[in-house]
Structures are given as structure tokens and as C-alpha cells.
Amino acid sequence: MSPAKVSRKKNRTKYVFVTGGVVSSLGKGVASASIGRLLKSRGLKVSMMKLDPYINVDPGTMNPFQHGEVYVTEDGAETDLDLGHYERFIEDDMSRANNATTGQIYHTVISKERRGDYLGATVQVIPHITGEIIERMLAVARREKPYDVVLIEVGGTVGDIESLPYLEAIRQFGLELGPKNCVYIHLTLVPFIPTAREVKTKPTQHSVKELREIGVQPDFLLCRTDRPLDRKVKEKIALFCNVGKEDVFDVPDVDTVYELPLIMEREGLGKRLLDKLGLRSKEPDFSQWQSVVRKIKHPSGTVKIAIAGKYVEVRDSYKSIIESFVHAGAFHGVHVELNWIEAERFESEEPAKLMEGCAGLLIPGGFGERGIEGKILAANFARTTNLPFFGICLGMQAAVIEYARNVCGMRRAHSTEFAPTTKYPVIDLLPDQRGLKQKGATMRLGSYPCFLTRGSLAHMAFGTDAITERHRHRFEVNNRFREQLDQKGLRFTGIWPGGDLVEIIELPDHPWYLAVQFHPELKSRPTHPHPLFRDFVGACLKSGKSAQKANNSMKKLATVIEE
Ligand code: GLN
């Protein structure tokens with residue numbers, strides 16, 4: 001059997017393929033996720049998949065400056081950050097199956113070849129590589145529940161050499177599925193040229209031409225534009241691109257990405273999509289979604305929070321943290337303004353100045369030595385000035401090091417990640433991490449349970465005794481120092497029972513000082529903000545208010561004295 005001829009018996013799932021043209025960074029992930037939301041809001045069972053054209057097996061070994069955030073799924077896969085958009089928009093968990101890379105596809109095909117699965121054949125891009133890509137697309141639909149629709153986002157831009165096998169695969173697969181069982185959506189750019197005072201459709205025409213040469217005729221065009229496209233422009237695009245004029249949609253810039261599904265719905269994309277797929281559904285229900293968008297767009301106030309990180313120039317590195325603050329802000333009806341501070345600056349500048357006007361501090365995760373001392377100093381400032389503090393992963397490790405050094409008298413306490421011979425390795429590798437030679441996919445990854453101490457901030461936030469949270473790290477709090485740290489007041493309020501490892505630390509004599517070894521930002525959703533982000537923002541609002549009050553009374557006092 002040809003590898004491309006995969007049996008589709010019993011597979012009733014419909015497919016939506018999303019490609020991108022003209023330039024990168026058009027927001028294809030958010031657009032795809034928004035389409036997912038349109039379907040999900042109609043009660044359909046929806047899953048999504050990202051095809052990544054790079055040769056890395058996964059993004060886990062890439063620098064955040066290169067790739068942005070590595071999104072970790074429940075089952076511990078290190079994936080593209082678009083999976084974060086998918087989870088936030090369709091509010092369903094993704095898995096290892098929902099992201100495939102060229103590295104993985106080739107790895108599988110070459111392993112099969114060595115095993116002898118293709119004996120006698122010359123192994124080629126078509127049909128073997130394309131066949132494996134189709135297998136992966138089928139595998140998503142096959143996961144536990146039968147999905148009504150699977151959306152497949154093809155990474156890269158049409159015209160890239162790397163994406164060719166994927167485009168060929170969606171062409172072949174579309175042919176097998178037949179019309180009514182799949183649609184192709186192409187996202188393009190329609191730029192406004194100031195000197196001509198016109199929007200230009202040529203780049204879109206060229207991009208669609210290129211797609212059609214490969215054999216893919218888009219059913220819908222989504223045109224990114226900074227202004228609404230008038231009827232004539234849409235008609236021109238439709239004519240030149242061989243698409244129905246009612247199937248050309250403009251996708252404007254939005255205040256919040258969560259507004260995009262609402263705009264698409266208003267423009268009629270949801271209905272057209274269902275018609276083309278021959279699907280029926282109940283009336284869409286966007287009520288909850290609408291209410292969140294309203295709260296994001298019309299906050300009643302602002303709270304400023306500092307983030308002391310290492311990759312602050314590339315905001316995509318902290319995508320899920322940023323979104324978690326949007327969700328938590330919406331919950332409290334406020335806008336969370338983030339003050340990004342390069343952690344290294346704490347090593348030479350006054351923390352009070354750097355964090356002026358900030359009602360709280362978050363230290364995110366990270367790798368490598370640069371900035372670690374700055375993070376430790378920042379954690380110290382938050383602890384000693386009663387500023388609400390939230391540490392995540394490396395942020396928690398920095399807080400433990402700070403406490404060991406400055407409260408427990410362990411001079412130069414450190415993590416063995418940065419000081420392998422420190423006398424006080426309060427953060428250290430577990431024995432099973434020590435012997436590892438391979439870097440890829442060998443961290444503690446994915447979901448682990450955690451038991452919470454009753455009466456702790458964490459317990460109050462979650463309102464339950466046991467939780468599960470996602471991980472991505474190698475180093476842990478060293479159990480050898482737990483007693484000493486505890487005696488001096490550091491509380492371990494979350495423990496992974498399986499390995500007896502510290503998951504959460506807190507300081508009882510502080511308004512809100514909490515840090516976690518896991519990554520809560522991966523589980524925050526617009527309609528369900530993560531409990532820790534929610535309560536951290538709540539604590540910042542409280543402390544901001546008391547700081548404001550103290551400031552006002554100082555001012556009053558000063559005027560009285562002057563008078
Ligand atoms: N570098 C630290 C470790 O590997 C923290 C990782 C992180 O913050 N994600 O344990």
C-alpha cells in the first residue's frame with residue numbers, strides 16, 4: 001500500500017487547513033485558534049494541530065530568543081507556542097500528537113527504513129514523507145473522542161522551501177477527504193501603501209497563485225489589514241484568487257486577540273465555514289467569551305506589576321505569562337500593566353527605582369547564569385519590603401537561594417546549575433538527572449500532582465487539597481536543606497508526593513510571597529484565570545491600594561506640617 005493511501009474508514013472528522021502567505025508574523029496561530037473557537041462555540045468537538053517545518057525534533061532545545069516560549073502539554077511534550085493559543089481559545093488540552101515537526105517526521109521515516117518497513121523501495125519525500133504527515137493528521141482525529149473538526153495550521157509562509165512537503169501533504173489528504181470534508185483557509189496581508197493611498201492586493205494574488213501552482217485552491221481568504229476592506233477590493237481579490245467574494249474576509253488589528261473570534265463571527269465566517277463543510281450545529285454561544293472581552297476592553301483601573309526576566313526583549317518568550325495576566329486582570333476588572341525589567345539591572349541599579357509604581361513582582365522561569373544574581377536581589381527586595389511576590393520555576397529557585405543566603409546564613413548558597421561546587425547547594429539535580437547525556441526532552445516535563453498544606457495561600461487559591469500542574473525544569477529544592485530553611489520560616493506548602501519534592505514555597509509573615517516550581521501560566525484560560533495569577537493580582541491590588549493610602553496620608557501630613 002502506498003504510504004499516502006491511509007485507510008480513512010470510520011473517520012468522519014472534517015479538516016480545516018490553514019496556511020499563511022506574503023509575510024510571517026501575521027498571527028496565523030491566533031487566527032487558527034479563533035476559527036477553532038467559532039466551531040467550539042457551536043458545540044462542535046474540535047481539535048487543532050500545528051505542523052512545524054524546522055528540523056529540530058521539538059523546540060525544547062531552541063533559545064527563547066529564536067523561538068519564543070516552549071509550550072508544555074499535559075503529557076510533557078515541548079511544543080510550539082501556538083499550542084498555547086489553541087488551548088486558551090478552544091479551552092481543551094493539547095498533547096504530543098498536536099504538534100509535528102519536520103525533525104519528527106524524518107526521524108520516524110528513517111527509523112522505519114532502518115527497521116525494513118519499506119524493503120525494496122526507494123524512500124522519498126513523496127509519498128513517504130507526505131504519507132507520514134498524513135498519518136499524523138489522522139492520528140489527531142483518532143484521539144480518545146471522535147472530533148467533528150480538526151484544524152491543521154501549516155507553519156511558515158507559502159513559498160518557503162521547508163513547507164513544501166506539508167503543502168503537498170494537505171493537497172493529497174484533501175483529495176482523499178473529498179469536498180465537504182475539508183476546507184483550505186489562506187491568511188494573507190493586504191498592505192496600505194501611504195504614497196498611493198491605497199491598499200494593495202498584489203501580494204495576496206501572488207501568494208494564492210503560488211498555492212494554486214502546488215495544487216491547493218483556498219476556499220477562504222483571511223486578509224490581515226489595518227483598515228476595513230471595501231466591497232470593491234474584496235471583489236478584486238475574489239476574482240484574481242478564484243474565491244467566492246463572500247469568502248474574502250478582512251482580519252483587522254484588534255485591541256485584544258480574544259476579540260478576533262467575535263469579529264469573525266460577526267462577519268459570518270462561522271456560518272460560511274459550516275456550510276462549506278456540510279455541518280450543522282446549534283446556535284453559537286459566545287456569552288461567556290463576550291463578557292471576558294468586555295472586561296478586558298473596559299477595565300475600571302490599572303495595576304502595575306514588575307517582571308524581572310532574562311528574555312524581556314522578546315515578549316513571545318513569556319507569552320503564556322502575559323496572557324495569564326490578561327485573564328487575571330479581566331477577573332478583577334483591571335488592566336495589568338507589565339513593567340519589564342532586565343534582571344541584570346538589579347545588579348547595578350536601585351530596586352526601588354526600577355520598580356517604582358509597581359504593586360508586585362514576578363520572576364519567571366529561565367535557564368543559564370546571566371541575570372540570576374539580579375533575580376536573587378529582586379526577590380530580596382520583594383521579601384524585605386512586603387511587596388507581593390510570585391516566583392515561577394527559576395523564580396522560585398532564586399527565592400530559595402535568597403532566603404538561604406540572607407536569612408539562614410548560608411553564605412554563597414546557590415543552585416548547582418550556576419555554582420557546581422557551592423558549599424550550600426540548596427537547588428540541585430536529582431540523581432536521575434545527573435547521568436544524563438542527552439539534552440532533548442530529558443527535563444522533568446508535563447503534569448505532576450501536588451499536595452497542598454491547608455491554610456496556605458496556595459490552598460486558599462485552589463480551594464482543594466491536591467492539584468496537578470505542568471513542569472519544565474531539571475533542578476529541584478535540595479531536600480537536604482529543607483529542615484534548616486523551614487526552621488527559619490520558609491514554608492513548603494506544596495509537595496509532589498511521588499518524589500517528595502518541593503512544588504510551592506510561601507512566607508507566612510508577608511502579605512503575599514509565593515513561588516512555584518511548576519508553570520501555572522500554561523493552565524490559565526480566559527474564562528478560567530489561573531487561581532495563583534488571580535490571587536497574586538488580587539494581592540497586588542490590595543497592596544497598591546494600601547501604598548496609595550500611605551502615600552496620601554504622608555502627603556496630608558506634609559501639608560499639615562507646612563501649614
Ligand atoms: N533552569 C532551571 C532548571 O532547569 C529552571 C527552569 C525553568 O525556569 N523553566 O531547573
Side-chain angles (χ1 to χ4, degrees), residues 58-73 76-79 81 84 307-312 314 316-322 324 343-344 361-376 378-379 389-402 404 413-420 422 425-448 450 469-479 481 494 496 499 501-505 514-524 530 532-533:
D58 62 45
T61 53
M62 281 188 226
N63 187 319
F65 285 118
Q66 285 272 321
H67 182 272
E69 169 183 271
V70 173
Y71 195 80
V72 180
T73 54
E78 296 176 281
T79 70
L81 58 74
I307 300 193
K310 182 177 174 182
Y311 320 107
V312 295
V314 186
D316 268 0
S317 308
Y318 301 113
K319 193 79 215 157
S320 293
I321 289 181
I322 296 172
S324 300
E344 271 175 304
L361 166 72
L362 179 137
I363 304 186
F367 295 84
E369 200 175 357
R370 186 174 67 77
I372 183 67
E373 288 303 326
K375 287 179 184 169
I376 294 168
F389 171 79
F390 191 13
I392 294 179
C393 210
L394 185 61
M396 182 190 99
Q397 298 174 359
V400 171
I401 296 167
E402 190 281 314
H414 223 316
S415 161
T416 52
E417 181 177 2
F418 315 115
T422 173
V426 287
I427 307 292
D428 197 8
L429 284 180
L430 287 185
D432 61 349
Q433 280 282 340
R434 234 170 245 140
L436 285 175
K437 295 252 168 4
Q438 295 235 36
K439 287 271 188 267
T442 54
M443 285 191 250
R444 176 145 89 101
L445 289 166
S447 187
Y448 284 84
C450 166
E469 289 284 346
R470 300 185 199 170
H471 290 251
R472 182 172 187 253
H473 59 102
R474 282 186 209 286
F475 292 80
E476 310 277 355
V477 171
N478 189 340
N479 282 344
F481 294 94
W496 169 40
L501 289 176
V502 172
E503 296 279 9
I504 308 177
I505 62 157
L514 184 149
V516 295
Q517 186 57 77
F518 49 81
H519 287 274
E521 71 273 23
L522 303 174
K523 286 178 76 166
S524 186
H530 191 282
L532 295 178
F533 274 90

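Whatever order the structure lists them in is the order used to number ligands and atoms, beginning at 1. Numbering starts at 1 and runs along the sequence shown.
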Check Glu417 with Arg474, please: is the shortest side-chain N to carboxylate O separation under 4.0 Å?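 Answer for the salt bridge query: no.
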Are Arg444 and Glu503 ion-paired here, with the side-chain N under 4.0 Å from a carboxylate O? yes
Does ligand 1 have any N/O atom under 3.5 Å from a protein N/O, and what are those pairs and their distances?
| residue | atom | partner | partner atom | Å |
| --- | --- | --- | --- | --- |
| ligand 1 | 1 (N) | Gly366 | O | 3.0 |
| ligand 1 | 1 (N) | Glu417 | OE1 | 2.8 |
| ligand 1 | 1 (N) | Glu417 | OE2 | 3.1 |
| ligand 1 | 4 (O) | Arg474 | N | 3.0 |
| ligand 1 | 8 (O) | Gly366 | N | 2.9 |
| ligand 1 | 8 (O) | Gly366 | O | 3.4 |
| ligand 1 | 8 (O) | Leu394 | N | 3.1 |
| ligand 1 | 9 (N) | Arg472 | O | 2.9 |
| ligand 1 | 9 (N) | His519 | NE2 | 3.3 |
| ligand 1 | 10 (O) | Gln397 | NE2 | 3.1 |
| ligand 1 | 10 (O) | Arg474 | N | 3.2 |
| ligand 1 | 10 (O) | Phe475 | N | 2.8 |

Side chain to side chain, Leu394 and Phe475, heavy atoms closer than 4.5 Å: no
Any side-chain heavy-atom pair of Asn479 and Leu501 under 4.5 Å: yes
Please work out whether the ring planes of His530 and Phe533 are parallel, tilted or perpendicular, with thresholds of 30° and 60°. perpendicular
Anything under 30° is parallel, anything over 60° is perpendicular, the rest tilted; go ahead and classify Tyr318 against Tyr311. tilted
